[in-house]
Amino acid sequence: KGAMVWFLPYAMGRDAARYPDPLAFKPERWIPFQTPSPWEFPVFQGGPRLCLGVTMAIFEAKVAMVMLLQKFTFQMNPEEVKKTTYCPNITMSVMNGKDSHHLWMSLHRRGLDDTSVRVGGA
């Protein structure tokens, strides 16, 4: 009773016991994907305080990805991959370099060989 508990999702995601080489950018560590427990991946919290919008947020992300992947392919320059890191703000994002706040990729329209656009997100 009266104890203070700190909740640090950033540190939890960098636990070397759970994620070997936790600071390396390795998206393949989640393939094949298995839904993590809300206690292991606490983005939407867990238990009685579970985010009410979790189902809608995940559905929107899936719809957006399907729409983009149907029309485009995405590639990163190998030099950009080496610079990829996380932005430790209140909402964590992936970015190309500590001073960037963007994730630069080449976007190629499916079915058109000569269409290429460089895109980045804030």
Is there a donor-acceptor pair closer than 3.5 Å between any side-chain N or O of R29 and the backbone N or O of P20?
yes

Is it the case that the side chain of T73 and the backbone of L69 share a donor-acceptor pair, with hydrogens and angles ignored and the cut-off at 3.5 Å?
no

Validation row: L68, F74 side chains within 4.5 angstrom (heavy atoms):
yes

Has E28 got more than 12 heavy atoms of other residues, nucleotides or ligands less than 6.0 Å from its CD?
yes

Could you tell me whether the side chain of Q75 reaches within less than 4.5 Å of the side chain of M105, counting heavy atoms only?
no

Work out which heavy atom in F72 is nearest to a heavy atom in R110; give both atom names and the distance.
O-NE, 3.3 Å

Partner of V63 under side chain to side chain contact (heavy atoms under 4.5 Å, CB included), picked from M65, M67, E60, is M67

Could you check if a side-chain atom of H108 sits within less than 4.5 angstrom of a side-chain atom of S106, using non-hydrogen atoms only?
yes

For the pair R14 (side chain) and P22 (backbone), establish whether a donor and an acceptor sit closer than 3.5 Å, ignoring hydrogens and angles.
no

